[in-house]
Each structure stands twice: as structure tokens, then as C-alpha cells.
S.K.: 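Before I ask anything, let me first share the structure, which is written out below as C-alpha cells.
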Amino acid sequence: MQYWLMKSEPDVYSIDDLQRDGEEIWDGVRNYQARNFLRTMESGDLAFFYHSNTKPPGVVGLIEIAAANVVDPTQFDPQSKYYDPKSTPDGPRWQTVTVRYGETFPQAIPLSTLRDTFSPEELQVVKRGNRLSVMPVPPEVAERLLAMGRQQA
DNA sequence: GCCAACGTTGGC
DNA sequence: GCCAACGTTGGC
């Protein structure tokens with residue numbers, strides 16, 4: 001079992017949306033490094049849900065990988081903003097996962113706190129200029145994040 | 001809204 | 001294969 005961190009802009013898709021939906025495909029990732037991480041995910045892995053491009057950005061909850069190695073259907077849809085004309089059903093370029101809602105932390109962990117607590121080596125999201133939307137989280141870091149998030153305000 | 005960081009594209 | 005131009009991400 002591995003831990004991950006997955007970013008989403010809450011204006012586009014928030015943890016509240018996932019709580020409502022229960023389960024959802026994580027579509028639209030069009031970055032090879034992020035996709036390679038998605039490809040290594042396994043069903044049962046846990047991921048920290050991170051709200052980006054909002055105030056304040058930070059970790060807001062925990063989700064679970066429900067299904068691994070899912071072909072992102074938006075790559076074949078000419079109407080989609082994620083359409084990739086170079087991808088074919090025979091050789092799809094973009095795999096992703098389906099995620100399931102887990103929990104919303106009573107205490108969201110803002111990026112500023114993440115920066116105070118973790119080094120860029122421990123947690124890539126605190127790296128300045130970091131643009132990766134999917135990244136692994138080492139187990140020790142995950143444990144501390146869980147404790148911080150679950151602490152009552 | 002600004003802008004730094006950085007990935008991608010395309011001409012050569 | 002290089003690299004300038006361009007587009008996007010995402011914090012502030």
C-alpha cells in the first residue's frame with residue numbers, strides 16, 4: 001500500500017464534490033510524470049486530496065484508489081478539453097485511476113503549515129514552483145499528515 | 001492580476 | 001537535437 005497526494009482545483013472538482021459523488025474517475029491529467037505515477041497506483045492505495053489554486057491551498061482530506069489502470073476516456077472525445085488527437089483506443093496514452101471518497105479532515109492543512117513541517121525532499125508539493133499534480137508521499141510523512149489533519153480544531 | 005517555473009511545440 | 005516561443009500551473 002502506498003500513499004499519494006493528488007491536486008485538484010476546488011472550483012473544478014473539490015473534495016465536497018467527491019463526497020457527493022462517492023466515486024469518480026480522475027480524468028484530465030496530461031503530464032507524463034504525473035501519468036507515470038498514476039500508472040503505478042494500486043487499488044487500495046490512499047491519497048491526500050489537495051486543493052490548489054485557492055485560498056489557502058492545502059491538504060483537505062483522504063481518498064482511496066478504487067480502481068487502478070483506468071483508460072481516461074476524455075482523450076478520445078473531440079468535444080473534451082482533454083482531447084488528444086494522437087491517442088487511439090488501440091494505444092491509449094493516458095491512464096488514470098478511479099477514486100473513492102474517504103474523509104474530510106476536521107483540520108485542513110494549509111500549504112504554509114506543510115512548508116513549516118516538511119522539506120521539499122519529504123513532500124514535493126512544498127517545492128517552490130512545483131507543478132506536479134500527482135506525487136508519492138513517504139509513509140512517515142503520511143502518518144504525520146494524518147495526525148495533523150485528524151486533530152480536532 | 002502578476003509572474004516565476006517549467007513542460008511542450010515546432011522551426012531549423 | 002537544440003532552443004526560442006509559447007502555454008499552463010499555481011502561489012501570492
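In the text below, chain A, chain B and the rest are named by the order of the sequence lines, each starting its count at 1. From a predicted model like this one, the values you see are computed outputs, not experimental measurements.
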S.K.: Would you list the protein and nucleotides 2-4 of chain B atom pairs, both N or O, that sit under 3.5 Å from each other?
M.R.:
unit_1	atom_1	unit_2	atom_2	d
B/dA4	O3'	A/Arg128	NH2	2.9

S.K.: Please confirm whether the shortest side-chain N or O distance from A/Lys7 to OP1 or OP2 of C/dT9 is below 4.0 Å.
M.R.: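 For A/Lys7, the contact criterion (side-chain N or O under 4.0 Å from OP1 or OP2 of C/dT9) is not met.
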S.K.: For the pair made of CE in A/Met135 and P in B/dC6, what is the distance, rounded to whole Å?
M.R.: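 It works out to 13 Å between those atoms.
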S.K.: A/His51 has an atom NE2; how far is it from atom P of C/dT9, in whole Å?
M.R.: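 The distance from NE2 of A/His51 to P of C/dT9 comes to 17 Å, rounded to the nearest Å.
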S.K.: More than 12 heavy atoms of other residues, nucleotides or ligands under 6.0 Å from CD of A/Glu143: is that the case?
M.R.: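 Count not over threshold, so no.
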S.K.: Provide, to the nearest angstrom, the distance between the CG atom belonging to A/Asn130 and the C1' atom belonging to C/dG10.
M.R.: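 Whole-Å distance recorded here is 9 Å.
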S.K.: For A/Gly129 and A/Asn53, find the nucleotide of DNA chain B closest to each by heavy atoms; which residue's nucleotide sits nearer the 5' end?
M.R.: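 Closer to the 5' end of DNA chain B: A/Asn53.
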S.K.: Before accepting this row, confirm whether a basic side-chain N of the pair A/Arg30/A/Asp84 lies closer than 4.0 Å to the acidic partner's carboxylate O.
M.R.: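 No, this pair does not count.
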S.K.: What's the CD-P distance between A/Glu9 and C/dG10, to the nearest Å?
M.R.: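 Nearest whole value for this atom pair: 7 Å.
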S.K.: List the steps and the verdict of ring-ring contact (aromatic ring centres under 6.0 Å, His included) for A/Phe49 and A/Trp4.
M.R.: CA-CA 9 Å; A/Phe49 198 115; A/Trp4 305 92; over 10 Å; no
S.K.: Whole-Å distance between C/dG7 P and A/Asn31 CG?
M.R.: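 Rounding to the nearest Å, CG of A/Asn31 and P of C/dG7 are 18 Å apart.
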S.K.: Going from CZ on A/Arg35 to OG on A/Ser133, what distance comes out if it is rounded to the nearest 0.5 angstrom?
M.R.: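 OG of A/Ser133 is found 12.5 Å from CZ of A/Arg35.
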S.K.: Whole-Å distance between B/dC6 C1' and A/Lys127 NZ?
M.R.: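 Distance, rounded to whole Å: 13 Å.
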S.K.: Using a cut-off of strictly less than 4.0 Å between a heavy atom of the residue and any atom of DNA chain B, enumerate the qualifying residues of residues 87-95 of chain A by number.
M.R.: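 When residues 87-95 of chain A is checked for heavy atoms under 4.0 Å from DNA chain B, there are no hits whatsoever.
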S.K.: Looking at every heavy atom in both A/Pro57 and A/Tyr50, which two are closest together, and how far apart are they?
M.R.: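 Result for this residue pair: CB-OH, 3.6 Å.
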S.K.: If I compare all heavy atoms of A/Gly149 with all of A/Ile109, which pair ends up nearest, and what's the gap?
M.R.: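 In this case the closest contact between A/Gly149 and A/Ile109 is N-CD1, 3.7 Å.
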S.K.: Regarding A/Asp116 and A/Thr113, do their side chains bring together a donor and an acceptor under 3.5 Å, going by distance alone?
M.R.: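 A/Asp116 vs A/Thr113: no donor-acceptor pair found between side chains.
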S.K.: Going by heavy atoms closer than 4.0 Å, what residues in residues 108-120 of chain A are next to DNA chain C?
M.R.: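 Residues of residues 108-120 of chain A under 4.0 Å from DNA chain C: A/Leu111, A/Arg115.
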S.K.: Send over the distance from A/Lys86 NZ to B/dT8 P, rounded to a whole Å.
M.R.: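 After rounding, the gap between these two atoms is 11 Å.
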S.K.: Side chains of A/Lys127 and A/Met135, heavy atoms from C-beta outward: is any pair under 4.5 Å?
M.R.: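 The answer is no; the side chains never approach within 4.5 Å.
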S.K.: Whole Å only: how far is the CG atom of A/Leu132 from the P atom of B/dG7?
M.R.: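 Whole-Å distance recorded here is 9 Å.
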S.K.: Are the side chain of A/Asp72 and the backbone of A/Gly28 linked by a donor-acceptor contact shorter than 3.5 Å?
M.R.: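 Yes; at least one donor-acceptor contact below 3.5 Å.
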S.K.: Looking only at heavy atoms, which two atoms of A/Thr88 and A/Phe76 are closest? And how far apart?
M.R.: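 Taking every non-hydrogen atom into account, C-CE2, 3.3 Å.
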S.K.: Phosphate oxygens OP1/OP2 of C/dG11: is one of them under 4.0 Å from a side-chain N or O of A/Tyr50?
M.R.: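 A/Tyr50 to C/dG11 OP1/OP2: side-chain N or O found under 4.0 Å.
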S.K.: Give a yes or no on whether the backbone of A/Tyr13 and the side-chain of A/Ser8 come within a donor-acceptor separation of less than 3.5 Å.
M.R.: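 Checking the backbone N and O of A/Tyr13 against the side chain of A/Ser8, a donor-acceptor pair under 3.5 Å is found.
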